[in-house]
Colleague: 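Okay, here's the structure, questions in a sec.
Residue numbers begin at 1 in each chain, while the letters A, B, ... track the order of the sequences. Predicted, not measured: the structure shown is a model, and the values here were computed from it. Just the heavy atoms: all of them, side chains too, but no hydrogens, waters or symmetry mates, feed the values below.
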Amino acid sequence: MTIKAFSKQLLAWYQVYHRKLPWRETNNAYFIWVSEIILQQTRVEQGLGYYKRFLSHFPDVQSLADASEDEVLHVWQGLGYYSRARNMQFAARQVVHDFQGMIPETYEGLMRLKGVGSYTAAAIASIAFGVPCAVLDGNVYRFLARYFGIADATDTSKGKTVFETLANKILPKAEPGAFNQAMMEFGALVCTPLKPACETCIFLSTCYAYKHDLVQQLPVKIKKVQVRKRFLNFLVYQDANGMTILEKRTGKDIWHGLYQFPLIESATDDFELEATHHQVFVSAPQIHQLTHQTLIARFGHIYTEKLPEKQNTVVLSIEQLKEFPLPRLISRYIETHSELFPGY
DNA sequence: AAGCCGGGGAT
DNA sequence: ATCCCAGGCTT
């Protein structure tokens, strides 16, 4: 099949089968930008609610630039990869201060924004501004690898160059936005990772991987993540007035910028609380699985007359816990142990 | 080039 | 358990 016929068929397929999503109903570059950041490493179904919530809180670049980091992270709470939220707010301030409030309309200009890499720059440029540059995401890598029979690894710089060259070669310069979205949508709905719908695929007769029975072998990826265990022991202080303590995470680690109960991390699962307080007990271990870490968390509850004075901490009531951005592990624990958090 | 960053859903 | 998701930043 010729390249022209390929793109024509794909665009026709997209017109019929694409999902109706709010960021496809607009030309507003800010809306499209928000959607692309949220959808990094995130499924459409998970990101959709956050997209609406984020825009209701921050309807334009200026409102995002004016917000506090805590506000932005609070809206982002539970979505993960929190640097996306911090970087996007930084970038909103870049737009206000360095671009006169106008989102740059070129690939190079967009690449200057914090949190906007090659994928997101190509996506915004093509979808919002009609710039002819191809996007490369997990869907596109998979579809291209199978249809054209590309065995180069998608997670090496050499392989990326191969796919990038191919993607830009087949990109119809007249409608890059629709084509890019069609490539991703096809990967998400038809050429899926585990059980692709080959039998009903419109490209069945010309697909290299199908013809050579390589669908399960492509795309090729090399790196595999190593999962390490961590033992997190959170101290839930409560005084007679229902006040407690949170501390803000700041290091180069998970949950940067979020709040947590004061933490004692240990190398082994042997956490105990000394009975020097009026009343203490430790929860059962709470297992929280991240992509690259298995967290084994215990919550030590300490009922005391006087809260300890620690650095970098906030004293707040139990009710106010919902006003702070918390890791999912902690918000879930509070929600499932509401009897321990009166007033939440 | 390699390591790190969340959370959820499908299998 | 394992994989993957409209990836990007830091070192």
Side-chain angles (χ1 to χ4, degrees), chain A residues 14 18-19 21-24 32-51 73 76-88 90-91 110-128 134-143 153-161 163-164 167 177-189 191-196 216 219 221-228 230 249 251-258 287-295 325-332:
Chain A
Y14 181 69
H18 75 268
R19 292 167 289 184
L21 299 167
W23 48 87
R24 290 180 176 157
I32 293 169
W33 178 20
V34 170
S35 76
E36 294 300 344
I37 300 297
I38 287 177
L39 290 167
Q40 288 172 7
Q41 298 294 288
T42 302
R43 293 171 189 278
V44 167
E45 310 86 72
Q46 186 190 3
L48 184 55
Y50 280 91
Y51 172 81
L73 286 174
W76 206 269
Q77 174 176 330
L79 192 53
Y81 285 133
Y82 297 94
S83 64
R84 289 183 293 176
R86 294 188 295 110
N87 288 342
M88 190 175 183
F90 185 96
L110 288 160
M111 284 288 284
R112 289 176 54 188
L113 301 178
K114 191 104 167 173
V116 176
S118 57
Y119 163 78
T120 307
I124 299 172
S126 64
I127 297 169
V135 300
L136 277 301
D137 79 329
N139 292 309
V140 177
Y141 282 126
R142 187 172 56 254
F143 184 24
T154 60
D155 53 359
T156 64
S157 55
K158 180 176 175 293
K160 285 184 198 300
T161 302
F163 282 94
E164 189 180 337
F179 183 80
N180 279 334
Q181 294 189 80
M183 289 289 291
M184 295 188 281
E185 192 77 336
F186 199 84
L189 298 182
C191 199
T192 55
L194 289 181
K195 293 169 65 176
Q216 300 301 326
K221 292 174 86 172
I222 295 173
K223 298 169 186 142
K224 20 185 174 283
V225 292
Q226 187 152 356
V227 180
R228 67 180 169 118
R230 294 175 72 173
R249 294 181 67 89
K252 296 173 189 171
D253 197 354
I254 57 175
W255 304 330
H256 181 125
L258 275 63
I287 311 300
H288 190 75
Q289 190 63 52
L290 304 179
T291 299
H292 45 282
Q293 296 181 19
T294 298
L295 307 180
L326 305 175
R328 187 72 188 109
L329 165 64
I330 293 178
S331 64
R332 177 185 282 125

Colleague: Can you tell me how far the CG atom of Asp137(A) sits from the OG1 atom of Thr120(A), to the nearest 0.5 Å?
Modeller: 10.0 Å
Colleague: Looking for any heavy atom pair under 4.0 Å, which part of the strands does Gln226(A) touch: base, sugar-phosphate only, or nothing?
Modeller: nothing
Colleague: Rounded to the nearest Å, what distance is computed from the NZ atom of residue Lys252(A) to the P atom of nucleotide dC9(C)?
Modeller: 15 Å
Colleague: For the pair made of CD1 in Ile254(A) and P in dC4(B), what is the distance, rounded to whole Å?
Modeller: 13 Å
Colleague: Do Phe186(A) and Asn139(A) have side chains that get closer than 4.5 Å, going by heavy atoms?
Modeller: no
Colleague: Rounded to the nearest Å, what distance is computed from the OH atom of residue Tyr81(A) to the C1' atom of nucleotide dC4(B)?
Modeller: 8 Å
Colleague: If you check every side-chain atom of Arg228(A), which of dC5(B), dA2(B), dG7(C) has the closest atom?
Modeller: dC5(B)
Colleague: For Gln181(A) and Arg24(A), what are the C-alpha separation, side-chain angles and deciding distance, and is it a side-chain hydrogen bond (donor to acceptor under 3.5 Å, both in side chains)?
Modeller: CA-CA 9 Å; Gln181(A) 294 189 80; Arg24(A) 290 180 176 157; 3.2 Å; yes
Colleague: Among dG8(C), dG7(B), dC9(C), which nucleotide has an atom closest to any side-chain atom of Arg328(A)?
Modeller: dG7(B)
Colleague: Can you identify which nucleotide, out of dG8(B), dG7(C), dA6(C), has its nearest atom closest to the Gln40(A) side chain?
Modeller: dG7(C)
Colleague: Check the distance between dC4(C)'s P and Leu194(A)'s CG and give it to me in whole angstrom.
Modeller: 7 Å
Colleague: Base, sugar-phosphate or nothing for Arg43(A)? Non-hydrogen atoms, less than 4.0 Å.
Modeller: base
Colleague: Can you find a heavy atom in the side chain of Val135(A) that is under 4.5 Å from one in the side chain of Glu36(A)?
Modeller: no
Colleague: Could you please name the option among dG6(B), dC5(C), dC9(C) that lies closest to any side-chain atom of Arg84(A)?
Modeller: dG6(B)
Colleague: Report the distance from atom CH2 of Trp255(A) to atom C1' of dC5(B), rounded to the nearest whole Å.
Modeller: 12 Å
Colleague: State, yes or no, whether a side-chain contact exists between Ile37(A) and Gln40(A) at a heavy-atom distance under 4.5 Å.
Modeller: yes
Colleague: In this structure, how many angstroms lie between the P atom of dG7(C) and the CD1 atom of Ile124(A), rounded?
Modeller: 13 Å
Colleague: How far, in whole Å, is dC3(C) from dG6(B) if one measures between their C1' atoms?
Modeller: 15 Å
Colleague: Need one value for Thr156(A): base, sugar-phosphate or nothing, where a base atom within 4.0 Å counts as base even if backbone is also close, heavy atoms only.
Modeller: nothing
Colleague: About how many Å separate CZ of Arg86(A) and CH2 of Trp76(A), when rounded to the nearest 0.5 Å?
Modeller: 12.0 Å
Colleague: Just checking Ile38(A): base, sugar-phosphate only, or nothing, at a heavy-atom cut-off of under 4.0 Å?
Modeller: nothing
Colleague: For Ser35(A), report the nucleic acid contact type (base, sugar-phosphate, nothing); a contact means any heavy atom under 4.0 Å.
Modeller: nothing
Colleague: Give one of base, sugar-phosphate or nothing for Arg86(A), where a contact means two heavy atoms less than 4.0 Å apart.
Modeller: nothing
Colleague: Roughly how far apart, to the nearest Å, are dA6(C) and dT11(B) at atom P?
Modeller: 14 Å
Colleague: Would you mind classifying the nucleic acid contact of Gly78(A) as base, sugar-phosphate or nothing, using non-hydrogen atoms under 4.0 angstrom?
Modeller: sugar-phosphate
Colleague: Which whole-number value in Å describes the distance from Gln41(A) CD to dG8(B) P?
Modeller: 16 Å
Colleague: Determine the Euclidean distance between corresponding P atoms of dC9(C) and dG8(B); express it in Å to zero decimal places.
Modeller: 24 Å
Colleague: In whole angstroms, how far is the C1' atom of dC3(C) from the CD atom of Gln46(A)?
Modeller: 15 Å
Colleague: For Thr291(A), which contact category applies under a 4.0 Å heavy-atom criterion: base, sugar-phosphate, or nothing?
Modeller: base
Colleague: With heavy atoms under 4.0 Å as the rule, sort Asp253(A) into base, sugar-phosphate or nothing.
Modeller: sugar-phosphate
Colleague: Among Leu295(A), Leu329(A), Val225(A), which residue meets the side-chain contact (heavy atoms from CB on, under 4.5 Å) test with Leu290(A)?
Modeller: Leu295(A)
Colleague: Looking at His292(A), I'd like to know whether one of its side-chain N or O atoms comes within less than 4.0 Å of OP1 or OP2 on dC5(B).
Modeller: yes
Colleague: At under 4.0 Å between heavy atoms, what does Trp23(A) touch on the DNA or RNA strands: base, sugar-phosphate, or nothing?
Modeller: base
Colleague: What is the nucleic acid contact for Arg24(A), judged by heavy atoms within less than 4.0 Å: base, sugar-phosphate only, or nothing?
Modeller: base
Colleague: Which is true for His288(A) with a 4.0 Å heavy-atom rule: it touches a base, it touches only sugar-phosphate, or it touches nothing?
Modeller: sugar-phosphate
